[in-house]
Amino acid sequence: MTTPLRHLLALDQLSRPTIEALLDHAQALRPMALVGDPAHRPLAGRSLANLFFEASTRTRCSFQLAAVRLGADVLNVDMATSSARKGESMTDTLATLEAMGVTLFSIRHSIDGVVAELANVCAPTTRLINAGDGRSHHPTQGLLDMLTIRQNKGTDFSGLKVAILGDLKHSRVARSDLHALRALGTGEIALAAPAALLPDAATAIGCRIFENADDAIRDADVIITLRLQRERMDEGLVPSLEAFYNDWGLSPQRLLLARKDAIVMHPGPMNRGVEIADEVADGPQSVIREQVSNGVAVRMAVLEALGGAPATGRRALGV
Ligand code: CP
C-alpha cells in the first residue's frame, strides 16, 4: 500500500481517500491480525519502539502484536525505569534508540503536541505514530473505531446517526473519532455530556449538542460511550459517580431508545457502572471486543503504510 504518510500524528491531517485506504488495508489484514501469517513479514529487519509515558493496555499491546505479526522487532521501553527518570530528554531518548537502528516509534504522552514536536527533530528515516497525546489526538483509535463501524454498518456513513456520550472535554478519542466521522461523511453526529464536560466549539464543528443523553441516543445507529477521565479532571466537574450514571450512563433502559440494531462502542478501559452498565458492555449490541481486535489490524495497516526505511543514515547510525 502506498500513502503520502511520513508520520501518523492526527487524523485531521489525512484526506478521506487516505483514511479509506488505511481502513481497506486494515480490513484485508484482519484475518492475519490475531494469528499472523509467516509468509507476510513486510517489516522483517525493522524495529518498533513503544514509548509510553502514560498507562496503556490495548494500544501498547496491539502495537507490539501488530509489529510482531509483520516481522518487526519490538522494544517495549519501560519509561518508569528508563533514563528518562534520570532527566534524559525525549529528544535524546529518541536519538539514542535511532542510533540502535529503531525507525518506528509509537509514543503516548500526557502533554498535548509532544509527538508532533518530536516529528520536527527526528531523523529522516524515522516514522512516528501518535499513540495518544494529552486531550488532543489518538489517531489509531479513531481508525479502529471507523473500521468497527464499517464492519457493522457498511462503508457509506451518510445515513448513520452516531451518538457520542460522556466525557467529551477530556477525550482525545472523541477528537480523533470526530475528525474521521466528518471526513467519512457521517449523516448526523450527536454529542451529549454535562455542561462541564462538553468539548470546545472547534471540536464540535458539524455536530449537534444535546442537553440530555436520551435525546442524543434516540434512533442512533452507533453509540460511542467515553471513559470518565478523572486523571485529567479538576475536582468537582462531576457531582458524584452515581449521579453521572443516572444522567449520562448507558443503561439497558437508555439503550432501548436507539435503533434496535444499534451498536455500542467504548474505547476502553471502561468504568463499569459509571459511563456504561455491565449488561450493555457485555450485551449483544456491544462491539467493544471487536474494537480491540480491530486495533491490531489497524496498527498493522499503519505500520505497513509508514514502513520505515532501514537505519542506514548517519544520524540513525550515530556517526
Ligand atoms: N483505548 C485505549 O487507548 O486504551 P489503552 O489506554 O488501554 O491503550
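Sequence positions, counted from 1, serve as the residue numbers for this chain. For ligands, and for the atoms within them, numbers begin at 1 and follow the listed sequence.
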Can you tell me how far the NE2 atom of His266 sits from the CZ atom of Arg272, to the nearest 0.5 Å?
9.5 Å

The residue among Thr59, Val296, Asn50 that forms side-chain contact (heavy atoms from CB on, under 4.5 Å) with Gln64 is Asn50

Is there a side-chain contact between His40 and Leu29 in this structure, where contact means two heavy atoms from C-beta onward sitting under 4.5 Å apart?
yes

Which pairs of N or O atoms, one from ligand 1 and one from the protein, are separated by less than 3.5 Å, and what is the distance for each pair?
residue	atom	partner	partner atom	Å
ligand 1	1 (N)	Gln141	OE1	3.0
ligand 1	1 (N)	Pro267	O	2.9
ligand 1	1 (N)	Gly268	O	3.2
ligand 1	3 (O)	Thr59	OG1	3.0
ligand 1	3 (O)	Arg108	NH2	2.9
ligand 1	3 (O)	His138	NE2	2.9
ligand 1	4 (O)	Arg58	NE	3.1
ligand 1	6 (O)	Arg108	NH1	2.9
ligand 1	7 (O)	Thr57	N	2.9
ligand 1	7 (O)	Arg58	N	2.9
ligand 1	7 (O)	Arg58	NE	3.1
ligand 1	7 (O)	Arg58	NH2	3.2
ligand 1	8 (O)	Ser56	OG	2.6
ligand 1	8 (O)	Thr59	N	2.9
ligand 1	8 (O)	Thr59	OG1	2.7
ligand 1	8 (O)	Arg108	NH1	3.4
ligand 1	8 (O)	Arg108	NH2	3.4

Are a donor atom and an acceptor atom from the side chains of Arg227 and His170 found within less than 3.5 Å of each other?
no

Relative to each other, are the rings of Phe53 and His109 parallel, tilted or perpendicular (30° and 60° limits)?
tilted

All side chain to side chain donor-acceptor pair (under 3.5 Å) counterparts of Asp247, not counting sequence neighbours
none

